[in-house]
Amino acid sequence: MRSLALVLTVAAAPATHAAATEGAFLPRATEINGTTYRWQVFVPAAVLAGEDPSPPVILFLHGAGERGRDGEGQTRIGLPAVLRETPDFPALVVMPQAPRDAWWGTPEIEQLAFAALDAAVAEFGGDADRTYLTGLSLGGFGTWAYAYRYPDRFAALIPVCGGVSPLGSRLPTPAWHPAAVSPDPFGETARTIAPLPVWVFHGARDRRVPVSESQSMVAALEAAGASPRYTEYPEVGHDAWVPAYREEGLFAWLFAQRRSR
């Protein structure tokens with residue numbers, strides 16, 4: 001589908017990073033059908049210094065509150081906040097931004113997400129067998145959806161306080177989505193992504209996205225023969241991303257996963 005649209009990615013002029021000791025957030029822009037979308041990529045220090053031509057890659061999908069067109073909102077919470085705390089983070093992290101009236105299932109935003117991912121890897125390098133997908137809240141919904149749509153693209157998933165139920169009339173469910181394909185979107189999703197390693201996070205007191213979304217998805221994966229990891233925080237509400245992306249051992253687990261051929 002992305003090949004049907006004009007996709008043009010513009011990179012800022014690269015600086016000299018031969019002595020880089022910290023990773024950097026770099027702004028980028030992609031034009032799709034005449035509309036410019038701003039996004040960012042975190043580039044590890046080893047890549048900036050020319051020492052790592054094939055880093056692991058993470059596609060990060062933000063939540064509803066970070067939507068916009070400034071190219072900045074998606075870098076403030078969740079995984080990007082952790083990157084600012086740990087500037088020696090070893091992975092290339094691609095952070096597209098959806099506008100206010102869209103979500104990750106909107107056709108042009110789906111094109112944006114993968115155009116940004118492809119452009120970042122083309123510019124900085126990346127390991128196709130260690131390419132991962134994560135997102136929070138609305139981005140958690142996007143994580144499940146993209147994993148279902150592109151199960152061979154990613155090596156592992158980290159969905160945070162997301163789900164697979166229809167999002168409602170304001171954010172239409174695309175025809176390819178498991179909620180449009182089957183009356184049991186959990187089972188439909190699980191049957192497709194069962195081979196993928198998954199670590200799911202949710203807060204038990206979440207009033208925005210019911211914890212039952214993650215519970216049902218984990219149960220469906222187990223019924224499909226998978227062994228997902230699931231962390232439910234008893235005293236946490238919707239902002240499960242705060243402890244989730246700081247969970248001990250999370251990234252050691254993630255970077256150990258490789259895409260199955």
Side-chain angles (χ1 to χ4, degrees), residues 1-2 54-61 78-79 90-94 96 104-105 110 113-114 116-118 120-121 126-166 173-202 209 211-232 240-241 244-245 247 249-261:
M1 179 175 65
R2 299 193 300 279
S54 189
V57 182
I58 301 175
L59 175 59
F60 170 75
L61 307 180
L79 177 56
L92 191 75
V93 182
V94 183
W104 303 107
E110 179 187 349
F114 288 91
L117 177 60
D118 292 342
V121 171
D127 188 342
D129 289 334
R130 292 187 299 156
T131 298
Y132 311 106
L133 177 61
T134 186
L136 60 89
S137 190
L138 191 67
F141 279 83
T143 297
W144 290 120
Y146 284 176
Y148 172 78
R149 187 148 166 80
Y150 304 103
D152 297 328
R153 183 73 190 261
F154 302 102
L157 314 174
I158 303 175
V160 181
C161 58
V164 297
S165 295
T173 302
W176 54 261
H177 193 277
V181 172
S182 170
D184 176 16
F186 301 100
E188 175 68 19
T189 302
R191 284 187 290 274
T192 298
I193 71 168
L196 281 172
V198 181
W199 193 338
V200 186
F201 294 89
H202 217 118
V209 178
V211 68
S212 59
E213 285 286 326
S214 288
Q215 292 170 341
S216 296
M217 196 61 246
V218 168
L221 284 167
E222 291 174 340
S227 300
R229 292 191 175 201
Y230 179 49
T231 299
E232 184 176 304
W241 55 82
Y245 287 114
E247 184 73 29
L250 173 65
F251 294 110
W253 169 84
L254 183 67
F255 299 144
Q257 311 306 319
R258 302 187 72 88
R259 186 175 57 160
S260 171
R261 294 185 182 276

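Given the structure is predicted, the values throughout are model-derived calculations rather than measurements.
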(message) Please evaluate residues L59 and V57 with respect to the criterion side-chain contact (heavy atoms from CB on, under 4.5 Å), reporting the C-alpha separation (whole Å), side-chain torsions for both, the decisive distance (0.1 Å), and the verdict.
(response) CA-CA 7 Å; L59 175 59; V57 182; over 6 Å; no
(request) May I ask you to decide if P185's main-chain N or O and T189's side chain share a donor-acceptor pair within less than 3.5 Å? (result) yes
Which atoms form the tightest heavy-atom contact between [X] and [Y], and what is the distance?
{"X": "W241", "Y": "C161", "answer": "CE3-SG, 3.7 Å"}
{"X": "F186", "Y": "A220", "answer": "O-CB, 3.6 Å"}
{"X": "P174", "Y": "G105", "answer": "CG-O, 3.8 Å"}
{"X": "V121", "Y": "G126", "answer": "CG1-N, 4.0 Å"}
{"X": "G163", "Y": "F141", "answer": "O-CD2, 3.0 Å"}
{"X": "L61", "Y": "P96", "answer": "CD2-CG, 4.4 Å"}

(message) Using side-chain heavy atoms (C-beta onward) and a distance below 4.5 Å, is R130 in contact with R258?
(response) yes
(message) Do L133 and Y150 have side chains that approach each other closer than 4.5 Å (heavy atoms only, starting at C-beta)?
(response) no
Would you please name every residue forming a side-chain hydrogen bond (donor to acceptor under 3.5 Å, both in side chains) with [X], sequence neighbours left out?
{"X": "S137", "result": "H238"}
{"X": "E213", "result": "S165"}
{"X": "T131", "result": "none"}
{"X": "Y245", "result": "T134"}

Does [X] have any side-chain contact (heavy atoms from CB on, under 4.5 Å) partners at least two apart in sequence or in another chain, and if so, which?
{"X": "T173", "result": "P166, H177, A179, A180"}
{"X": "A120", "result": "W39, V41, L92, V94"}
{"X": "E232", "result": "A204, V211, Q215, Y230"}

(request) Look up atom CZ in R191 and atom OH in Y148, then write down how far apart they are to the nearest 0.5 Å. (result) 8.5 Å
(request) First locate atom CZ of F154, then atom CG of D129, and finally report the distance between them rounded to the nearest 0.5 Å. (result) 13.5 Å
(request) Report the relative orientation of the aromatic rings in W104 and Y146; use parallel for angles under 30°, tilted for 30 to 60°, perpendicular for over 60°. (result) perpendicular
(message) According to ring-ring contact (aromatic ring centres under 6.0 Å, His included), who are the partners of F60, at least two apart in sequence or on a separate chain?
(response) none
May I have the list of side-chain donor-acceptor pairs in residues 192-202 shorter than 3.5 Å, sequence neighbours left out?
from : atom 1 : to   : atom 2 : distance (Å)
T192 : OG1    : E188 : O      : 3.4
W199 : NE1    : T231 : OG1    : 2.9
H202 : ND1    : S214 : OG     : 2.7
H202 : NE2    : D206 : OD2    : 3.2
H202 : NE2    : V209 : O      : 2.9

(request) Could you pull out all residues at least two apart from R229 that satisfy salt bridge (charged side-chain N to carboxylate O under 4.0 Å, His left out)? (result) none
(message) Using side-chain contact (heavy atoms from CB on, under 4.5 Å), reason through L79 and F251 one step at a time and then give a plain yes or no.
(response) CA-CA 11 Å; L79 177 56; F251 294 110; 3.6 Å; yes
(request) Before giving the answer on side-chain contact (heavy atoms from CB on, under 4.5 Å), spell out for W253 and E247 the whole-Å C-alpha distance, their side-chain angles and the decisive distance to 0.1 Å. (result) CA-CA 11 Å; W253 169 84; E247 184 73 29; over 6 Å; no
